[in-house]
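In what follows, a structure is listed as structure tokens, so that the remarks can point back to it.
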Amino acid sequence: MTDSNLTLANLLFPDLPYTPESLETLYPSRTISTVTRFGPSPTGFLHIGGVYTSLLSERIAHLNDGVFYLRVEDTDDKREIENGVSMITEGLAKFGITIDEGPIGLGSADIGSYGPYTQSKRGSIYQTYIKELVARGIAYPCFLTEEESAAIREEQNLAKQPLGIYGSYSPWRSATLEEVRAAIAEGKKYVLRFRAHGNPSKRVKLHDEIRGDIEMQDNFMDTVLLKQTGIPTYHLAHVVDDHLMRTTHVIRAEEWIPSFALHIQLTEALGFIPPKYIHIAPLLKADGGGKRKLSKRKDPEANVEFFFEQGYTVEALVDYMFNIMDSKYEAWRLENPTADYKMYPLTIDRLPLSGALFDIVKLDSIANAVLTKLSTEELQSQGLKWAQKYDKDLAHLMEIYPDMTYKALDIERHTEKDPRRFTKFSDLRGQLQFFYEETFETLRNSAPFLPDCITPEVQKAFIEDYLKNYDATMERDVWFEQLKNIAHAHKFARTGDEWKTGEYIGRVGDVAMMLRLLLCASSKTPDLCYTMRVLGREVMEKRLKR
Ligand code: GLU
């Protein structure tokens, strides 16, 4: 620490309430072995990748009697939005993710003694450490204008050198105290940069808990630590916070691997013991034959709300994500179909190292299994709750026709033939719409045409006959035999051989399709026999005879 560095540090940060030593006392070491965190930027919605990371971090903490905390990383002031924090906490709560510390109290008030848990409220803490780095000559103010930086890049381009502010390309690196004083007196704006070693050919080995040692180019850039606004960059802020909040495991997206060397340099420069790092692979999306990261802007499914809107259950989403995290989870789930996911002994050992494709087919099959496990009462009540939020018209009909709704949902469920019609709650509308008069009317407007062989005369005669003989108490097999026989009497072939004789106007299938279309205005309905039972004689007569 030279005198002029110390003078510079005091000039830039004249009165700060803390020193690194006082912060050590304010944020004492914890006695627990595992402290993890989720550090989202409140940018407007909860990303499915964020849920994935927090599920993992929360489990790793709590399975080891540790602490999981939420830290709001709002240093990128432009992107911040109102209610961003409550959107995150409410979203995580839906997944049953228990947060021990963070802005999780009433009105996003802090809970926990390692706060504030919002980076924008920690300005003087970050400045304390930057001041320390300036005093030790490891950080310096840089007054370059945008034009000057652009000119440096231009020069580097021509010389085929890496682009950026570093080493001999950083004019303010070697500025004297007087030059800095003069620039400040002129009112020039400045950032504070890290003084890296500036040697692009130096390499380092860094340890990741799931990837092992990663060898990479060492950081040589004089990265910005404090922006012109006095707000720190993520690099500095998270290193300071993870230290003071006593994080033991940093579980974060692999997109941070390129800055890993810088983070370790900063940690060491500040005299902190580095936490363990776990860089997890992102969720990917298939795109034009390739794969890419789910994009906040382009992909609606990046937002968890998308899945809630569709009526995927939390259980299905959690099971799906656990399947990605740990290849042994699926077998465990089969053995423990109703167990809380928190009973699963998740470890980081089997985390995938390359991005998992977000596989909607797999999610659907899990989601289908989850809804299939529900009793029909549960399906009805959970479905109603979903509809009250996302499909109000349907909710209204479900409320005024509870019995019919129950019977319609119950068709063939939990039988040998269970067609497992429900994957997500938004499937309810498609499966219920035939039964309510109100939605049936809308369907009729776009109903498919009857098969060609059904002329108005044939239709009228068959229906008269059918209604005369129809009996709702018939077993399904008997019901079908009867349908075939009545159809046969009206010149519809019961078998392929009969049809080949050329003596028939159509087949039994045509008659069944006619009934389906007249009764449901759709060719895709639940089993016809049970559908008829749910509709009841009165409705059947009305729909068949009009
Ligand atoms: N705010 C960072 C992000 O949203 C957090 C990264 C980390 O967990 O350290 O990517």
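It should be emphasised that the depicted structure is a prediction, and the values quoted were computed from it without experimental measurement. No hydrogens, no waters, no symmetry mates; every other heavy atom, side chains included, goes into these values. Ligands are counted one by one from 1 in listed order, and the atoms in each one are counted from 1 as well.
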Identity and distance of the protein heavy atom lying nearest [atom]:
{"atom": "atom 9 (O) of ligand 1", "value": "Tyr234 OH, 2.3 Å"}
{"atom": "atom 8 (O) of ligand 1", "value": "Arg37 NH1, 2.7 Å"}
{"atom": "atom 10 (O) of ligand 1", "value": "Trp256 NE1, 3.4 Å"}
{"atom": "atom 3 (C) of ligand 1", "value": "Gly39 O, 3.9 Å"}

Can you label the angle between the [X] ring and the [Y] ring as parallel, tilted or perpendicular, going by 30° and 60°?
{"X": "Phe272", "Y": "His243", "result": "parallel"}
{"X": "Trp386", "Y": "Phe425", "result": "tilted"}
{"X": "Tyr234", "Y": "His263", "result": "perpendicular"}
{"X": "Trp172", "Y": "Phe143", "result": "tilted"}

Applying a strict 4.0 Å limit to heavy atoms, is [X] in contact with ligand 1?
{"X": "Phe38", "value": "no"}
{"X": "Glu255", "value": "no"}
{"X": "Ser41", "value": "yes"}

* Looking only at distance, does His238 have an N or O less than 3.5 Å from an N or O of ligand 1? -> no
* What about Glu73: any of its N or O atoms under 3.5 Å from an N or O on ligand 1? ->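 Yes - when backbone and side-chain N and O of Glu73 are compared with those of ligand 1, one distance drops under 3.5 Å.
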* With Tyr117, the side chain to side chain donor-acceptor pair (under 3.5 Å) member among Glu101, Arg71, Arg122 ->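 Testing Tyr117 for a side chain to side chain donor-acceptor pair (under 3.5 Å) against Glu101, Arg71, Arg122 leaves exactly one candidate, Glu101.
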* Please determine if Arg30 forms a cation-pi arrangement with Tyr114, meaning its NZ or CZ atom is less than 6.0 Å from the six-membered ring centre and no more than 45° off the ring axis. =>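 Output yes; distance and angle both within limits.
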* To do: Please name the residue in the list Tyr329, Tyr52, Trp332 that meets the ring pair (Phe, Tyr, Trp, His ring centres under 6.0 Å) test with Phe322.
  =>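 In the set Tyr329, Tyr52, Trp332, the residue that makes a ring pair (Phe, Tyr, Trp, His ring centres under 6.0 Å) with Phe322 is Tyr329.
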